[in-house]
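Just the heavy atoms: all of them, side chains too, but no hydrogens, waters or symmetry mates, feed the values below.
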Amino acid sequence: MTKDFQVERLDVPAFAAAGATLTGQVPMARLDRLAAECETGASSAVDWEAAGELRDMNSPSPQQWVRLCARAKLARTCQRCLQPMLVELMVDRWFCFVADEATASALDDEMEEDVLVSSRSLDLIELLEDELLLAMPLVPRHDVCPEPAAGLSAGSAQGAADERPHPFAALAKMRLNQ
């Protein structure tokens, strides 16, 4: 018998024990915090997949693991040229679920993967949004900007530097007058 798993209230122990997989697509409008970081109207939906598994089957209490993968294209503003750009985010993370906070704290320092407290009502979409927010670049920018920032070209920037008086020019004049 196959159990139907709910994305907003995922039973992690049952999901991992079943070795189940869920896939889906979430519209950007449903991810409020992520949508607030994007330019309006140009971001795509988020494609995602989650897979559960049990590890250390020979131990008295096997570990519950969930792998979360996601891909999204977000409309952002390049901080170099101030032009719109698409930022592609990819998430591929493993999460180990344990019985309580004390165990999670103890294992968190030892493990590279995130350690969370097991739940019978995990909101997988909220976890997905958290991971996408963490994957966003702090300063989005093109590898090579399509055009220079408005009002600044290479020649005008050099011309502005030539027109400015040198900050120590007044000191040089005073020294010469002595």
Side-chain angles (χ1 to χ4, degrees), residues 2-55 63-105 107-147 149-150:
T2 303
K3 181 174 179 171
D4 290 330
F5 294 101
Q6 297 177 4
V7 177
E8 283 94 8
R9 295 182 52 84
L10 183 65
D11 183 347
V12 174
F15 185 70
T21 301
L22 292 171
T23 60
Q25 192 175 61
V26 180
M28 191 60 64
R30 189 168 167 202
L31 305 172
D32 296 334
R33 295 176 294 147
L34 189 62
E37 297 294 323
C38 301
E39 300 297 320
T40 56
S43 297
S44 65
V46 176
D47 295 314
W48 62 270
E49 179 178 348
E53 70 178 54
L54 290 178
R55 294 186 188 168
Q63 293 178 333
Q64 304 163 18
W65 287 83
V66 173
R67 181 181 186 190
L68 182 61
C69 300
R71 172 176 270 165
K73 288 186 179 179
L74 307 179
R76 303 287 311 270
T77 300
C78 172
Q79 297 302 300
R80 205 181 279 146
C81 68
L82 302 178
Q83 299 297 315
M85 65 179 287
L86 283 179
V87 174
E88 186 169 355
L89 297 181
M90 294 176 57
V91 170
D92 188 354
R93 299 283 308 230
W94 281 97
F95 299 91
C96 178
F97 288 87
V98 295
D100 54 42
E101 286 289 337
T103 306
S105 287
L107 288 175
D108 198 33
D109 293 336
E110 298 173 17
M111 299 177 73
E112 192 172 310
E113 294 85 2
D114 285 334
V115 181
L116 303 173
V117 175
S118 187
S119 169
R120 296 195 184 279
S121 62
L122 174 72
D123 188 341
L124 196 58
I125 301 301
E126 186 176 317
L127 180 62
L128 170 71
E129 185 176 24
D130 290 345
E131 291 304 313
L132 288 168
L133 284 166
L134 289 170
M136 283 180 47
L138 292 175
V139 181
R141 56 183 176 226
H142 294 105
D143 291 331
V144 176
C145 292
E147 56 188 66

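In this structure, SG in C69 is found 10.5 Å from CG in L128, a value given to the nearest 0.5 Å. Distance CG/D130 to CG/L134: 7.0 Å, rounded to 0.5 Å. Atom CG in D4 sits 12.5 Å away from atom CG in D11 (nearest 0.5 Å). M90 contributes atom CE, which lies 10.5 Å from atom NZ of K73 (distance to the nearest 0.5 angstrom). Rounding to the nearest 0.5 Å places CD of Q63 at 5.5 Å from CE of M111. The distance from the CD atom of E39 to the CE atom of M85 is 11.0 Å, given to the nearest 0.5 Å.
The 12-atom threshold is not exceeded at CZ of R120, counting heavy atoms of other residues, nucleotides or ligands nearer than 6.0 Å. The neighbour count for R71 CZ, taken as heavy atoms of other residues, nucleotides or ligands under 6.0 Å away, does not exceed 12.
A135 and V91 make their closest contact through CB-CG2, 4.1 Å (heavy atoms, listed as atom of the first residue, atom of the second, distance). In terms of heavy-atom proximity, R80 sits nearest to H142 at NH1-O, 2.9 Å.
By the 4.5 Å heavy-atom criterion applied to side chains, Q64 and L54 are counted as neighbours. Counting only heavy atoms from C-beta outward, the side chains of W48 and L132 never approach each other to under 4.5 Å. With a 4.5 Å cut-off on side-chain heavy atoms, L122 and F15 do not count as touching. For the pair L74/E37, no side-chain contact is recorded, criterion being any heavy-atom separation below 4.5 Å from C-beta on. A heavy-atom distance below 4.5 Å is not found between the side chains of V115 and E110.
Each of L10, V12, V26 was checked for a side chain to side chain contact (heavy atoms under 4.5 Å, CB included) with L124, and the lone residue meeting it is L10.
S105 and D108 are not linked by any side-chain donor-acceptor pair at a separation below 3.5 angstrom, with hydrogens and angles left out of the test. Side chains of T21 and E49: a donor-acceptor N/O pair is absent below 3.5 angstrom, by distance only.
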